[in-house]
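Just below is one structure, and these are the notes that go with it.
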Amino acid sequence: MLAPNPKPAGPAQNRVPDVTVDFWLIKLMAVTMGETAADYLAVNLGLGLTVTSLIMTGVLAVALVVQFAQKRYVPWAYWLAVVLISVVGTLVTDNLVDTFGVRLQTTTIAFSVVLAATFAVWYAAERTLSIHTIFTTRREIFYWLAILFTFSLGTAAGDLVAESFDMGYLTTGLLFGGVIALIALAYYLVSLDAILAFWLAYILTRPLGASFGDWLSQPVEYGGLGFGTTFTSLLFLVCIVALVLYMTLRKNADELDEMLLDSE
């Protein structure tokens with residue numbers, strides 16, 4: 001869903017990107033890579049879920065420190081944090097299910113409640129849930145908390161549909177893709193609230209990407225194409241890096257144009 005991007009009255013800049021086609025494209029790739037990369041680190045490298053979770057949480061913490069220090073949208077810092085929080089969000093759910101034996105139905109409901117509570121507190125404190133007004137550190141904290149819980153919820157919901165309901169990875173991906181398409185139609189045709197449409201689509205792109213990531217990487221006997229987590233993760237990493245480079249060059253060009261216009 002594309003939406004207008006109101007500017008702050010003062011010199012502060014929004015710290016997250018505009019909602020554009022390439023935003024959704026790279027977000028989908030990031031969540032797909034988050035699923036396969038988590039599996040690669042925990043299984044292929046033999047680190048296990050606990051060690052992998054501790055390592056990736058530490059790396060994510062460093063990335064978020066860098067992101068918060070920018071005080072504006074910097075493509076490489078922002079999308080690095082998104083990719084890492086996608087991995088950590090996946091690992092949180094996987095740990096609850098595989099290590100502690102929590103059922104997918106329970107994790108799906110629990111993360112739905114936690115995410116709803118995050119939105120409620122965010123709105124009570126700021127009176128808005130718009131990502132176009134992330135001008136302060138407090139709003140950015142709410143934003144990244146919401147992002148983390150959307151990834152954990154999306155992982156749980158995707159696994160619930162694909163595995164517990166035995167629908168398979170491809171069918172699950174198509175199902176969530178269809179729901180996102182309906183949200184887009186509601187936004188464009190019947191004026192569904194832009195903020196609501198954005199967050200619904202953001203939540204659902206997680207199980208969409210995770211399902212296709214599993215479909216590409218899992219063995220054929222488990223309903224996948226058998227490309228493996230290594231190849232799938234590297235493929236999407238290359239695509240993400242290329243898109244971030246493009247976004248950076250475009251953002252620099254736009255800023256240069258603004259400077260030239262201001263100097264005239």
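Positions are given from 1, in the same order as the sequence printed here. Computed from a prediction, not measured in an experiment: that's the story for all the values here.
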Say you draw a straight line from [atom1] of [X] to [atom2] of [Y]; how long is it, rounded to the nearest 0.5 Å?
| X | Y | atom1 | atom2 | result |
| --- | --- | --- | --- | --- |
| T171 | Y169 | OG1 | OH | 12.0 Å |
| Q105 | L160 | CD | CG | 5.0 Å |
| T36 | L216 | OG1 | CG | 8.5 Å |

F212 and W215 aromatic ring geometry - parallel, tilted or perpendicular at 30°/60° bounds:
perpendicular

For the pair W122 and F142, name the ring-plane relationship: parallel under 30°, tilted 30 to 60°, perpendicular over 60°.
parallel

Below 4.5 Å, heavy atoms only, C-beta onward: do [X] and [Y] meet side chain to side chain?
| X | Y | answer |
| --- | --- | --- |
| V82 | F151 | yes |
| K71 | T137 | yes |
| T232 | F236 | yes |
| V66 | V74 | no |
| V97 | T107 | yes |

Indicate if F149 and I141 have the same hydrophobic cluster label, given that clusters are the connected sets of ILVMFWY residues with side-chain heavy-atom separations under 4.5 angstrom.
yes

Is R250 atom CZ crowded by more than 12 heavy atoms from other residues, nucleotides or ligands, each under 6.0 Å away?
yes

List the atom of T172, the atom of G158, and the distance in Å for their closest heavy-atom pair.
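Between these two residues, the closest heavy atoms are CG2-O, 3.9 Å.
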
Transitive ILVMFWY cluster of L249 at side-chain heavy atoms under 4.5 Å: who else is in it?
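L245, all in the cluster of L249.
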
Contacts of W79 that satisfy side-chain hydrogen bond (donor to acceptor under 3.5 Å, both in side chains) - sequence neighbours left out
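side-chain hydrogen bond (donor to acceptor under 3.5 Å, both in side chains) list for W79, sorted by chain: Y73.
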
Could you tell me if T229 and D39 have a donor-acceptor pair between their side chains, going purely by distance under 3.5 Å?
no

Under the 3.5 angstrom rule, does the side chain of D18 hit a backbone N or O of T20 as a donor-acceptor pair?
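Not at all, since once roles are kept as given, no pair shorter than 3.5 Å links the two residues.
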
